[in-house]
Amino acid sequence: VQLQASGGGLVQAGGSLRLSCAASGRTLTRYGVAWFRQAPGKEREFVAAIGWSGLPTDYADSVKERFAVSRDNVESTVYLQMNTLKPEDTAIYYCAASDQRLTRKGSDYDYWGQGTQVTVSS
């Protein structure tokens, strides 16, 4: 399955963005999908994940109650709604898919999108 992340951009602190992760080549049904991010000079970190049916969902503490992950299996797309953005949310955001159970480890995901840049100005 090929994944393409989109929706990034430049936004002021307190603003919102919605990222999309669209699948091609194969439907996303039966795949759990996670979002990770990597800021300059930092290691990649887990952001959020969603099971193939829409449940369960999981969030990093740093984004809980500000970000929401959802999916549309008909459109084979997973979304990450990001609200109340902070400068520390600035990073390249990646989506990844796995047909195994959801984890927070990037190495457990077999398919990755190319990333989309999110920049939050203060």
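Starting from 1, each residue takes its place in the sequence as its number. No hydrogens, no waters, no symmetry mates; every other heavy atom, side chains included, goes into these values. As the structure is a computational prediction, the values presented were derived from the model and not from experiment.
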Return yes if some donor-acceptor pair links the side-chain N/O of T90 with the main-chain N/O of V120 below 3.5 Å, else return no.
-> yes
* Taking atom types as modelled and ignoring hydrogens, do the side chains of T27 and S76 form a donor-acceptor contact shorter than 3.5 angstrom? -> yes
Value for CZ (R37) from CD1 (I92), rounded to nearest 0.5 Å, stands at 13.0 Å
Quiz item: Can V118 be reached from V69 by stepping across I, L, V, M, F, W or Y side chains whose heavy atoms are under 4.5 Å apart?
Solution: yes
- Query: Is there a donor-acceptor pair closer than 3.5 Å between any side-chain N or O of Y109 and the backbone N or O of G32?
  - Reply: no
- Donor-acceptor pair, R104 side chain versus A49 backbone, under 3.5 Å? no
To the nearest 0.5 Å, atom CZ of R66 lies from atom CE of M82 at 9.5 Å
In this structure, OG1 of T29 is separated from CG of D99 (nearest 0.5 Å) by 12.5 Å
Heavy atoms of A48 and Y59 approach each other most closely as CB-CD2, 3.7 Å
**Message:** Assess, by modelled atom type and distance only, whether the side chains of Y31 and R26 contain a donor and an acceptor separated by less than 3.5 Å.
**Reply:** yes
The reported gap from OH in Y93 to CG in L80 (rounded to nearest 0.5 angstrom) is 7.5 Å
Y94 with V63, same ILVMFWY side-chain cluster at under 4.5 Å: no
| task | State yes or no: do Y111 and V33 share one hydrophobic cluster built from I, L, V, M, F, W and Y residues joined by side-chain heavy-atom distances below 4.5 Å, directly or via other members? | result | yes
Ignoring hydrogens and geometry, is there a side-chain-to-backbone donor-acceptor pair from N73 to W52 under 3.5 Å? yes
Donor-acceptor pair, side chain of Q4 and main chain of Q114, under 3.5 angstrom:
no
Quick note, side-chain hydrogen bond (donor to acceptor under 3.5 Å, both in side chains) partners involving residues 8-18, not counting sequence neighbours, are S16-N83
Worksheet entry | Residues Y79, D72; criterion side-chain contact (heavy atoms from CB on, under 4.5 Å); working and verdict | CA-CA 8 Å; Y79 303 99; D72 183 337; 4.2 Å; yes
Heavy-atom closest pair (A5 atom, C95 atom, distance to 0.1 Å) is CB-SG, 4.1 Å
Value for CZ (F46) from CG (L102), rounded to nearest 0.5 Å, stands at 7.5 Å
Nearest heavy-atom approach of L3 to A97 is CD1-N, 3.8 Å
Taken to the nearest 0.5 Å, the spacing of F67 CZ from S62 OG works out to 7.5 Å
Nearest heavy-atom approach of G8 to T116 is N-OG1, 3.0 Å
Between L17 and G7 the two heavy atoms that sit nearest each other are CD2-O, 3.9 Å
Using only atom types and a distance under 3.5 Å, with no angle test, would you say the side chain of S98 pairs donor to acceptor with the backbone of Q100?
yes
Here the pair of heavy atoms bringing C21 nearest to L28 is O-CD1, 4.3 Å
Could you check whether K64 pairs with D61 (Lys NZ or Arg NE/NH1/NH2 to Asp/Glu carboxylate O, under 4.0 Å)? yes
